[in-house]
Amino acid sequence: MTLHPRIEAVTDRIRRRSARPRQAYLDGIDAVLKEGPLRTRLSCGNLAHGFAACGPTDKGRLRADVTANLAIVTAYNDMLSAHQPFERYPELVRQAAREMGATAQVAGGVPAMCDGVTQGRPGMELSLFSRDVIAQSTAISLSHDMFDAALYLGVCDKIVPGLLIGALAFGHLPAVFVPAGPMTPGIPNKEKAAVRERYAAGEATREELLEAEAASYHGVGTCTFYGTANSNQTLLEAMGLQLPGTSFVNPDTPLRDALTRASTERALQMSALGDDYRPIGHLIDERAIVNAIAALMATGGSTNHTIHWVAVARAAGILLTWDDIDEISQTVPLLAHVYPNGEADVNRFAAAGGTQFVFRELLDAGLMHDIPTIAEGGMRAYCQEPRLIDGQLSYAPGTATSGDDKVVRPVSAPFEAQGGLRLLRGNLGRALIKTSAVKPEYRRIHAPAVVVDDPRSLNKLHAAGVLPQDFVAVVRYQGPKANGMPELHSLAPLLGLLQNQGRRVALVTDGRLSGASGKIPAAIHITPEAAAGGPLARLREGDMILLDAEAGILEAQVNAEEWKLRTIAPDTARPSHDLGRNLFALSRQQVSPADQGALSISCGPPSPEHGWEEEDAEYELGHVPAAAQAPHEAKDA
């Protein structure tokens, strides 16, 4: 395999930019490794506390210090359908470990909130920061020096990035991520979306809407659309942190249980007391990060990862930028159509060839690195699919041809020549747009701005009949500093309804959208955000906006002199009811911009006094291009 020259160039650029922080990170891991397995250094009192609740067999093994002890870090709760299956996992893991002469303990739990429940509610303002709390909770779970490797049980939006950031903070420990799998198919996602739009138009009752939603979200497992949760699984496999083919096996099946037992076995083999030591901090390098982004683009995954994987990379001492993501997207073709990019759900995607087919295509085309992974055989192992034959787990080559060319296609005949996301630049700052979910005829809009600071205002304006025929909905003061950067998916039914009526509409915001969002052109994650004095705060009602996803342009077409004289408009939205929001006031104050991962915690090695970011100005994260500082002259689009 010859690596594609642009993938090679991006990888090399990330490597050079990250040289010093990456080395500082690795030096920290190596300093811990020199001490040997830390459990052997616990005092008698420390160790006795650690095994006090164990049964005789486990206690005897832990006293002897000769076999590995696995940490289980779990996001289990039984309100989240995706995480309910994890209730059974600890006992499966403990039993598998005992059969191998080892032990396993639940090291700790991490919070897991559901964005599907909190959409449009005040609780959504805690969502993004929950990722950082999960990272900290993971670190607390592993702080006891009782463990030789770790299994991470998590699936959904902020949970996987949070677990991964926490795992990288303990980079000397091997790590295996163990998913729960998707729920079985319900009603088609497109049919559910249609009922939502009918409800927004007053043409469906609440009972009809609830029936459709319940028929879609009907059992255990992840939601079946290709949102952030299921994108998480693809990216973990692309980085080699889950066993091959584990992402989309349904919960509570014999194959699912066999994969959980196999994950336990592999974690034990990779521990410092096993025969194949593979600490996560050494596995996750710039090549693994590029693999994750390439897989994201090829499958049309969630926009949330343009924030999360910047943060994840930082946790490993790697400086990833939106420009890197954009260049990868312009290089990697779109190979999958899974809702919201198409009509198929993830079960149909898996049946058509799934990640195994996509990874083979990317590897063969030089669009993905063949890197060391937790599985023997590197990334080529991830082109195989798991089978259960006579009760035994085995692997067979994944299909070399698409099982459904409406769902997955080869590199030679992609859905689109470029990937699923695009970076927008202009005098409104920098933003991302998910092009894979938007039909080409809707990717460019030139229309007046309707400016609101509260997303609920848009529905009120529609109800009053005062929205223009064509418009760009500008929803500002939704960034991380303002209110925690909530998702604004609740606007999708209204905007989708208006687009169906033949009107040209778009969304521009410094907030986020759900990984399920599509159809409407949406420039999101705008940075600098309005609350930090960003250009969105200068916009006024009726300003003409040009959003061109193909050309990568987002600009307010306002005379430059007039723009300079404008003051920053205040945030007019009423504060949400508290509901714990006050506990995150410090997070909002110190959070980094979206293009730096929207981190409210210190992540990765600290910058030296004369840090790499200041010295390498060309690569400085959060760089605002000149276009965002000096607005373009107004012109006819």
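Heads up: numbering here begins at 1 and tracks the sequence.
Under the 3.5 Å distance criterion, with hydrogens and angles disregarded, a donor-acceptor pair is assigned to the side chains of Thr234 and Tyr226. Ser436 and Asn341 share a side-chain donor-acceptor pair at under 3.5 Å. The closest side-chain donor-acceptor pair between Tyr89 and Thr74, if any, does not fall under 3.5 angstrom. With no hydrogens or angles considered, no side-chain donor-acceptor pair links Asp58 and Thr103 at under 3.5 Å.
A salt bridge links Arg266 and Asp276; the closest N-O separation between the charged side-chain nitrogens and carboxylate oxygens is under 4.0 Å.
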Stepwise side-chain contact (heavy atoms from CB on, under 4.5 Å) test for Leu62 and Gln105: CA-CA 11 Å; Leu62 289 168; Gln105 296 175 297; 4.2 Å; yes

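Rounding to the nearest 0.5 Å gives a distance of 8.5 Å between CG of Leu362 and CE of Met379. The CZ atom of Phe359 sits 11.0 Å away from atom CG of Leu335, with the distance rounded to the nearest 0.5 Å. The CG atom of Asn77 sits 9.5 Å away from atom CD of Gln84, with the distance rounded to the nearest 0.5 Å.
Here the closest non-hydrogen pair linking Ile318 and Ile14 is CG2-CG2, 3.5 Å. Ile165 and Cys603 get closest at one heavy-atom pair: CG2-SG, 3.8 Å.
Using a 4.5 Å heavy-atom cutoff, the side chains of Ile374 and Arg278 are not in contact.
The 12-atom threshold is not exceeded at CD of Gln392, counting heavy atoms of other residues, nucleotides or ligands nearer than 6.0 Å.
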